Amino acid sequence: MRECSYWLFKSEPSGYSFHDLLNEDNHTAEWDGVRNYAARNYLRDQVKLGDKVFFYHSNIKPPAIVGTAVVVREGYPDFTAWDPISEHPDPKSTLATPIWFMVDIRADDFLPNEVTLTQIKLTVGLENTSLLKRARLSVHPVTREEWTIIIALSKRKQSC
DNA sequence: GCCAACGTTGGC
DNA sequence: GCCAACGTTGGC
């Protein structure tokens, strides 16, 4: 019996928001379009069924973790890569030799309060979190301790 | 809108 | 295989 792992997935809400995920059938969607090797490796090799996911909104004021989701399908080829009219086509990726991978996630719920990037930067225990160390990565590992701290933060009303 | 950080590409 | 040029991300 494997313990679940924790992740943080980024999305620009102008393109795809947590609200969009909640509005999907069964609150579930393919996490497609990742075209970065480090993120791909996580999706292909390490993100497992039942793992928990923070949904982070980037490129918005303020950038913040807004909700949680759960992995409902493990890594499989991102077929949007070999669809020439998809948003992120990659002719080098084929059915026989896929390069890019995705997982499916199902929205759980909004956090009681969003946890902003500023809060994350100011919170003891989160100073080494991957989000702060590798700013441009779109899929980050989160430790169990970090997950617990962020969940606790989300239950606290912000004064500013 | 700016621009720093950083991942990717491609010439050599 | 190095590394300069280039493109993208994303906070500010």
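On a predicted model such as this, the values are computed, not experimentally measured, just so you know.
Residues A:V103 and A:F55 fall within the same hydrophobic cluster, defined by Ile, Leu, Val, Met, Phe, Trp and Tyr side chains chained together at heavy-atom separations under 4.5 Å.
If you check B:dT8, C:dC12, B:dA5 against the side chain of A:R136, the one that comes closest is B:dA5. Distances were taken from every side-chain heavy atom of A:Y37 (C-beta onward) to each of C:dG11, C:dG7, B:dT8; the shortest belongs to B:dT8. Listed candidates were B:dT9, B:dG7, C:dG10. Nearest to the side chain of A:E12 is C:dG10. Distance from the side chain of A:S58 is smallest to C:dG10 among B:dT9, C:dG10, B:dT8.
For A:K133 and A:N59, each mapped to the nucleotide of DNA chain B holding its nearest heavy atom, the one lying further toward the 5' end belongs to A:N59. Map A:H88 and A:T118 each onto its nearest nucleotide of DNA chain C; the residue landing nearer the 5' end is A:H88.
Per the geometry, CD1 belonging to A:I120 stands 13 Å off C1' belonging to C:dG11, to the nearest Å. Rounded to an integer number of Å, the gap from CD1 of A:I99 to P of B:dT8 is 12 Å. Across the protein-nucleic acid pair, A:L137 atom CG and B:dC6 atom P stand 11 Å apart, rounded to whole Å. Atom CD1 in A:I60 sits roughly 17 Å away from atom P in B:dG1 (whole-Å rounding). The separation between A:H140 atom NE2 and B:dG7 atom P is 11 Å, rounded to whole Å. Counting to the nearest Å, the P atom of C:dT9 and the CG atom of A:L8 are 17 Å from each other. If you take CG of A:N41 and C1' of B:dG7, they are 14 Å apart, rounded to a whole angstrom. Going from atom CZ of A:F9 over to atom P of C:dT9 covers 17 Å, rounded to whole Å.
Between A:K61 and C:dC12, a side-chain N or O to OP1/OP2 separation shorter than 4.0 Å is absent. OP1 or OP2 of C:dC12 has at least one side-chain nitrogen or oxygen of A:K121 nearer than 4.0 Å.
Considering A:R40, A:R44, A:H88, A:R35 as possible partners of A:D78, the one that fulfils the side chain to side chain donor-acceptor pair (under 3.5 Å) test is A:R35.
Side-chain contact, A:S17 with A:D20: a donor N or O sits under 3.5 Å from an acceptor N or O.
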Going through the checks in order, is the side chain to side chain contact (heavy atoms under 4.5 Å, CB included) test met by A:F79 and A:M102?
-> CA-CA 9 Å; A:F79 51 77; A:M102 59 185 173; 3.3 Å; yes
Using the ring-ring contact (aromatic ring centres under 6.0 Å, His included) rule, take A:W100 and A:Y37 through it: C-alpha gap first, then chi angles, then the decisive distance, then the call.
-> CA-CA 8 Å; A:W100 305 112; A:Y37 286 101; 4.7 Å; yes
